[in-house]
Amino acid sequence: MPELPEVETTLRGIEPAIALQVISGITVRQGSLRWPVTEGLAQIVEGQRVTQVRRRAKYLIINLEHGSMLIHLGMSGSLRLVQPDAELRKHDHIEMRMGNGAILRYHDPRRFGCWLWSESDHHQLSRLGPEPLSDDFGIKRLYELSRKRKIAVKPFIMDNNTVVGVGNIYASEALFRSGIRPDRAAGDISLKLYTVLTGHIKEVLAAAIVQGGTTLRDFVNGNGEPGYFQQTLAVYGRGGKLCTGCEGVLKEIKLGQRSSVFCPRCQR
DNA sequence: CTTTCAGCCTGACGGC
DNA sequence: TGCCGTCAGGCTGAAA
């Protein structure tokens, strides 16, 4: 499932092919996504030049001359460059063709993603916390935001107001590396431990980007290739298996409706 | 204010 | 083999 490293990997894969190109056409085959694809998208953007392609949180933003497209890969989405003769697959919902011949296909079986146009700001981007890999996400943020909070630390760091882009996989891994139980109350954790956790959040995300992201079922980058970070996962998806750091068995619980795996011995 | 939870959706998987 | 129920999960908005 695409989290921040997977979206960043996608961005790096598609950016060279579409940056500064003119959109020659868009075909929407299935417009019923998380939110309906903007009505008349093709007519609006055709002929416009891509001025910039960037990422904010788990969103991809394609800036055009008169506005921007906001793309989210949801749970099962991928965006890849294909050859003109590439066979159309089931769930290939949107196709964007560029003046240089590049073709970008949006594929999303579960349709939790989105592809929206706006002439001005996208409301989805307001009220987002800092980027985890930027200096805006410093060592005091988690500590200060968490005081008197009773919410468990795992959903706390997965909250987009706290810091963006930390999904279930990387929250689980960062907590394991930090030796913190995911169900501890956020407000009870010391500044010292939050300093450690902040470092591990940055570290695990950066490492995953280097590996091209995590491919669990179907994630592929802009060129159709899988990521390799799944080989590094210590706890995510490993409930009931042996801890990589001790002899213990990993435990699985539910926190905020999400499965959470941790080692009861290594994480306290 | 904080916290919880339903709902959106398809495919994989387990039980029978 | 095939049917059916359950689960996975990012995000939003409403309820508690």
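Letters A, B, ... mirror the listed sequences (proteins, then strands); counts begin at 1.
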Sorted by chain and residue number, the side chain to side chain donor-acceptor pair (under 3.5 Å) partners of A:Ser259 (sequence neighbours excluded) come out as A:Glu252
Here the pair of heavy atoms bringing A:Ile26 nearest to A:Ala42 is O-CB, 3.5 Å
Next on the checklist: For a quick test of reading the model: is some side-chain N or O of A:His91 closer than 4.0 Å to OP1 or OP2 of B:dG11?
Outcome noted: yes
Within residues 8-15 of chain A, those residues having any heavy atom closer than 4.0 Å to DNA chain C are none
From CD1 of A:Ile253 across to P of C:dC7 the rounded distance in Å is 16 Å
All heavy atoms of A:His200 vs all of A:Arg177, minimum pair found to be NE2-O, 3.3 Å
Paired with A:Arg55, the salt bridge (charged side-chain N to carboxylate O under 4.0 Å, His left out) test is passed by just one of A:Glu8, A:Glu15, A:Glu3, namely A:Glu8
Between A:Lys90 and A:Gly256, the residue closer to the 5' end of DNA chain B by nearest nucleotide is A:Gly256
Between CG of A:Leu255 and P of B:dT3 the distance, given in whole Å, is 13 Å
One would report the end-axis bend of the helix from B:dT2-C:dA16 to B:dC16-C:dG2, five pairs per end and rounded to 10 degrees, as 60°
Smallest heavy-atom separation, A:Met158 atom then A:Asn168 atom, equals CE-N, 3.4 Å
By side chain to side chain donor-acceptor pair (under 3.5 Å), A:Ser172 pairs with (sequence neighbours left out) none
Evaluate ring pair (Phe, Tyr, Trp, His ring centres under 6.0 Å) for A:Phe229 paired with A:Tyr236, printing each intermediate quantity in order.
CA-CA 11 Å; A:Phe229 194 74; A:Tyr236 180 84; over 10 Å; no
In sequence, state the C-alpha distance, the side-chain angles, and the governing distance for A:Arg80 and A:His107, and then conclude on side chain to side chain contact (heavy atoms under 4.5 Å, CB included). CA-CA 8 Å; A:Arg80 56 194 285 195; A:His107 176 88; 5.9 Å; no
Per-nt protein contacts along nucleotides 9-16 of chain C (heavy atom under 4.0 Å; B base, S backbone sugar-phosphate only, - none) come out as BBBS----
Establish, from distance only, whether the side-chain atoms of A:Thr10 and A:Asn221 form a donor-acceptor pair under 3.5 Å.
-> no
Report task. Please determine, by modelled atom types, if A:Thr162 and A:Arg141 share a side-chain donor-acceptor pair under 3.5 angstrom. Result -> no
In A:Ile157, A:Leu175, A:Val235, the residue satisfying side-chain contact (heavy atoms from CB on, under 4.5 Å) with A:Pro182 is A:Leu175
Do the ring planes of A:Tyr59 and A:His72 sit parallel (below 30°), tilted (30 to 60°) or perpendicular (above 60°)?
perpendicular
What residues 146-156 of chain A contributes to the DNA chain B interface at heavy-atom separation below 4.0 Å is A:Arg149, A:Lys150, A:Ile151
Exercise for the section: With side chain to side chain contact (heavy atoms under 4.5 Å, CB included) as the test, would you mind laying out the steps for A:Asp108 and A:Leu73 before giving the verdict? Expected result: CA-CA 7 Å; A:Asp108 184 9; A:Leu73 301 178; over 6 Å; no
